Chemist: 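Handing you a structure now.
A, B, ... follow the sequence lines: proteins, then strands. Residue 1 opens every chain. Quantities reported herein were computed from a predicted structural model and do not represent experimental measurements.
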Amino acid sequence: MGAPRAATILHADLDAFYASVEQLLDPSLRGRPIAVGGGVVLAASYEARATGVRSGMPGWQARRLCPDLRFVGGHFGEYQRLGDAVVDLFEEFTPLVERVSIDEAFLDVHGAAHLFGAPAQIAAAIRRRVRDELGLPVSVGVARTKHLAKVASQVAKPDGLVVVDPEHERAFLDPLPVGLIWGVGPVTRARLAEAGIETIGQLARARNELLEPLLGQAASSKLGMLAENVDPRHVVTARRASSVGAQSALARQPASAPLIRSTLGYLVDRAAGRLRAGRRAARTVTVRVRFAGLRSVTRSSTFPVAVSATLTLAEAATALALEALAAHPEERDVTLVGVSLSNLVGEPGLQLELPGIGLDDRSRPGSPWGSTRWGVDRSVDAIRDRFGRHAIGYASSSLGEVDRVPEAFRTLAERRDDGVRSTP
DNA sequence: TCTGGGGTCCTAGGACCC
DNA sequence: TCTGGGGTCCTAGGACCC
């Protein structure tokens, strides 16, 4: 709706990013099916994908599909460095860069034409420079809205460029499968298929009275808008996360209080450290426990004041997890434990758990624990800043050999706030 | 031998308030 | 004395994204 606009939004998506970096680092891997990961496929090269290998797939299944598959260890630091370098390159063309993840970003180039030419030329230049200077393939979609640009980059993959002219948007969208719409996953796709809807064109023509009972109110109106090609979103350069969490898959094992306590000790330690690094505190703690058979349950509780102290959060998380286990006595084994901190409060307005108003004081009137814990956490944070996170910690905060993924992978997966990056 | 880790948003029921 | 509507917050679960 509104006045017609030119196609100035770019969506740039690095192709099979982790796998491409591995092939860049080791030329003998180029042109071969490779996967990053081990127990599970974190990324697969296009050669591997051709055999059906997909990210998230268990390693044994991937090997069965592709006997030639080479698993390579992840150079997570390199992924971070190269991902940052790509975004720096984008920012040479426009300050309006919205980083969606390590390997994906939106750019608004409406003000860049006089310097760098038309959006399609900018897209071509970006692709060339990322290839020449960093050695990586990147696909780019160019269109009038974020959604169209994103769909276009998916269509462009691998290593391609698709420009959607504003006059031909309907013709571009109509024949595409609904699964290309942002927000349509396997469940929604199956529901739509039952109603005979498989293409975006069919979805755009479907009546809301048909969709709403099928998908719910919010989803049907959102999808309806995207299918009808209405997307009011703008490119946003800075955005703060609304929750901070950590989780860990465990080798299937009986749920015991010590296991829960030590695992959550480690996970809360990580999450709370990030919380404090962002000068924030949380009011809500949510714990997730997954049982064998992938069934999972959550428990959450909300404090009257925001909390950032590791021990206070860990106690709350442990209590919630034990409660969840007690509610399911039929489940003996756990396969995953996770924690998420939400309802975040930042400065200004951050009322840390201080003596006299803190949580601890509800059970221990006048207890100075709130401030003591705050001081201890600050000291631990400071020492870790200087010497690394293993230099110091709570006795219960180590996962030891239980941790199945490298620490660097966890760090890589974190969404960083406010466009803050490690490069200047 | 059925799956990693970090996130966002939505729904539905219940408590509570006016 | 059996009965209204609206709003907000909390909780549990689920779909989806990278």
Chemist: Yes or no on salt bridge (Lys or Arg N to Asp or Glu O under 4.0 Å) for A/Arg252 and A/Asp333, after CA distance, side-chain angles and deciding distance?
Modeler: CA-CA 6 Å; A/Arg252 179 181 173 157; A/Asp333 295 346; 2.9 Å; yes

Chemist: Does the structure show a Watson-Crick or G-U wobble partner for B/dC18, both distances under 3.5 Å? Name it, or say none.
Modeler: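 B/dC18 is paired, partner C/dG5.
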
Chemist: Which part of the nucleic acid does A/Gly56 contact within heavy-atom distance under 4.0 Å: base, sugar-phosphate only, or nothing?
Modeler: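 Base, at least one base atom sits under 4.0 Å.
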
Chemist: Do other residues, nucleotides or ligands put more than 12 heavy atoms under 6.0 Å from the NE2 atom of A/His234?
Modeler: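 No, because the 6.0 Å sphere around NE2 of A/His234 holds 12 heavy atoms or fewer from other groups.
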
Chemist: At 4.0 Å (heavy atoms only), tell me whether A/Ser301 reaches a base, stays on the sugar-phosphate, or touches nothing.
Modeler: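 Touches sugar-phosphate only.
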
Chemist: For A/Arg290, which contact category applies under a 4.0 Å heavy-atom criterion: base, sugar-phosphate, or nothing?
Modeler: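 Touches sugar-phosphate only.
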
Chemist: Using the closest heavy atom to pick a nucleotide of DNA chain B for each, name whichever of A/Val40 or A/Ser243 lands nearer the 5' end.
Modeler: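 Looking at the nearest nucleotide for each, A/Val40 comes out on the 5' side.
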
Chemist: Reckon A/Gln217 touches a base, only the sugar-phosphate, or nothing at all at heavy-atom distances under 4.0 Å?
Modeler: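 Answer is sugar-phosphate: A/Gln217 comes under 4.0 Å of backbone atoms only.
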
Chemist: For A/Val297, which contact category applies under a 4.0 Å heavy-atom criterion: base, sugar-phosphate, or nothing?
Modeler: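 Result for A/Val297 = sugar-phosphate.
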
Chemist: Run the side chain to side chain contact (heavy atoms under 4.5 Å, CB included) test on A/Phe17 and A/Val86 for me, step by step, so that the C-alpha distance in whole Å, both residues' side-chain angles and the decisive distance to 0.1 Å come before the verdict.
Modeler: CA-CA 11 Å; A/Phe17 180 49; A/Val86 169; 5.7 Å; no

Chemist: What are the 5'-most and 3'-most nucleotides of DNA chain C lying under 4.0 Å from any heavy atom of chain A?
Modeler: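 Footprint of chain A along DNA chain C, 5' to 3': C/dC10 to C/dC18.
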
Chemist: Rounded to whole angstrom, note down the P distance from C/dC18 over to B/dC2.
Modeler: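 One P to the other, the span is 26 Å.
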
Chemist: For the CD atom on A/Glu78, are there more than 12 heavy atoms of other groups (residues, nucleotides or ligands in this structure) within a distance under 6.0 Å?
Modeler: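 Yes, because the 6.0 Å sphere around CD of A/Glu78 holds more than 12 heavy atoms from other groups.
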
Chemist: What does A/Thr286 touch in the nucleic acid at a heavy-atom separation under 4.0 angstrom: a base, only the sugar-phosphate, or nothing?
Modeler: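 Result for A/Thr286 = nothing.
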
Chemist: By the 4.0 Å heavy-atom rule, please label A/Ser55 as base, sugar-phosphate, or nothing.
Modeler: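 No contact.
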
Chemist: Please check if the number of heavy atoms outside A/Arg233 that lie under 6.0 Å from its CZ is greater than 12.
Modeler: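 Yes, CZ of A/Arg233 has more than 12 neighbouring heavy atoms, counting only those of other groups under 6.0 Å.
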
Chemist: What distance, rounded to whole Å, do you find between the two P atoms, one in C/dT3 and one in B/dC17?
Modeler: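 Roughly 23 Å separates the two P atoms.
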
Chemist: So what does A/Arg283 touch, heavy atoms closer than 4.0 Å: a base, only the sugar-phosphate, or nothing?
Modeler: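 Sugar-phosphate contact only - A/Arg283 comes under 4.0 Å of backbone atoms but never of a base.
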
Chemist: Answer yes or no: is there an ion pair linking A/Glu407 with A/Arg270, defined by an N-O contact shorter than 4.0 Å?
Modeler: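 Salt bridge between A/Glu407 and A/Arg270, a charged N being under 4.0 Å from a carboxylate O: yes.
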
Chemist: Which is true for A/Gln247 with a 4.0 Å heavy-atom rule: it touches a base, it touches only sugar-phosphate, or it touches nothing?
Modeler: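 Base contact.
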
Chemist: Quick one: which of A/Glu104, A/His147, A/Lys146 gives a side chain to side chain donor-acceptor pair (under 3.5 Å) with A/His11?
Modeler: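 That would be A/Glu104; it is the only one of A/Glu104, A/His147, A/Lys146 passing the side chain to side chain donor-acceptor pair (under 3.5 Å) with A/His11.
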
Chemist: When we call it a touch if two heavy atoms are under 4.0 Å apart, what does A/Val244 touch: a base, just sugar-phosphate, or nothing?
Modeler: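 Sugar-phosphate, backbone atoms only, no base.
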
Chemist: Hey, which sits more toward the 5' end of DNA chain B by its nearest nucleotide, A/Ala218 or A/Ser242?
Modeler: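 First, find each residue's nearest nucleotide; the 5'-ward one identifies A/Ser242.
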
